[in-house]
Amino acid sequence: MRHRKNNVKFGRSSSHREALIEMLVIGLIKAKSIRTSARKAKVARQLAEKLVTVARKGDVNARRRAMAVLNDEAAVRELFTTIVPMQEGRQGGYTRIVKVGQRPSDGCEMAVLSWVNEPVAAKPETPAN
């Protein structure tokens, strides 16, 4: 039984899987949008959102933590200078996954993973009873 097993293996070793997810997130940061399989997009979204949460602090320790995960100085710089200000005021849900159909060769469900760019809309106030 797979109770409490949270990682998806993708038929790869753990080091290969970690490198794959890191490269997907680096691609997302640099290109602002990537097209990949739906399963890989869901796993990459988890890491990307965690990195934005860490980067929102903006201090040296946050940069070091992001650098330890991504190992790409340009991607970390882009994360702190453009992605985090774009997500200002948002409590979470920094990324969006849009399914775009199946890949013709093997029928794999494809998706586009991108950052959410719309400004946060204020919730209407509900009267207190």
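As the structure is a prediction and not an experimental result, all values here were calculated from the model.
Taken to the nearest 0.5 Å, the CZ atom of Arg64 stands 9.5 Å off from the CG atom of Asp59. Note: Leu20 CG to Ser15 OG = 11.5 Å, rounded to the nearest 0.5 Å. Separation of atoms CD1 (Ile34) and CG (Leu113) is listed at 5.0 Å; rounding is to 0.5 Å. Taking CG from Leu47 and OG1 from Thr95, the interatomic distance works out to 10.5 Å, rounded to the nearest 0.5 Å. If you take CZ on Arg63 and NZ on Lys57, they are separated by 15.0 Å, rounding to the nearest 0.5 Å.
Residues Lys50 and Tyr94 have side chains not in contact (no heavy-atom distance under 4.5 Å, counting atoms from C-beta outward). Within the 4.5 Å cutoff, no side-chain heavy atoms of Val76 are placed close to those of Val69. Looking at heavy atoms from C-beta onward, Lys99 lies out of side-chain contact with Met110 at the 4.5 angstrom threshold. For the pair Met23 and Ile26, the minimum side-chain heavy-atom distance is below 4.5 Å.
Each of Val54, Leu51, Asp72 was compared with Leu79 under the side-chain contact (heavy atoms from CB on, under 4.5 Å) criterion, and only Leu51 meets it.
Scored by the side-chain hydrogen bond (donor to acceptor under 3.5 Å, both in side chains) test, Glu118 finds Arg96 as partners (sequence neighbours excluded).
A donor-acceptor pair is defined here as one N or O able to donate and one able to accept, closer than 3.5 Å; such a pair exists between the side chain of Trp115 and the backbone of Leu28. Here the side chain of Glu22 pairs no donor or acceptor atom with the backbone of Arg17 at under 3.5 angstrom.
Within a 6.0 Å radius of CZ in Arg56, other residues, nucleotides and ligands contribute more than 12 heavy atoms. In this structure, Arg90 places its CZ atom where more than 12 heavy-atom neighbours from other residues, nucleotides or ligands lie under 6.0 Å away.
The list of side chain to side chain donor-acceptor pair (under 3.5 Å) pairs with a residue in residues 31-47, not counting sequence neighbours, reads Lys32-Glu78.
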Only pairs under 3.5 Å count here: list side-chain donor-acceptor contacts from residues 3-11, not counting sequence neighbours, and write none if there are none.
none

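Heavy atoms only, all atoms of each residue included: Ile97 and Ala111 are closest at CG2-CB, 3.7 Å. The nearest pair of heavy atoms linking Phe80 to Ala66 is CE1-CB, 4.0 Å.
Each of Val84 and Ile29 belongs to its own hydrophobic cluster when Ile, Leu, Val, Met, Phe, Trp and Tyr are linked at side-chain heavy-atom distances under 4.5 angstrom. One hydrophobic cluster, built from ILVMFWY side chains closer than 4.5 Å, holds both Ile21 and Ile83.
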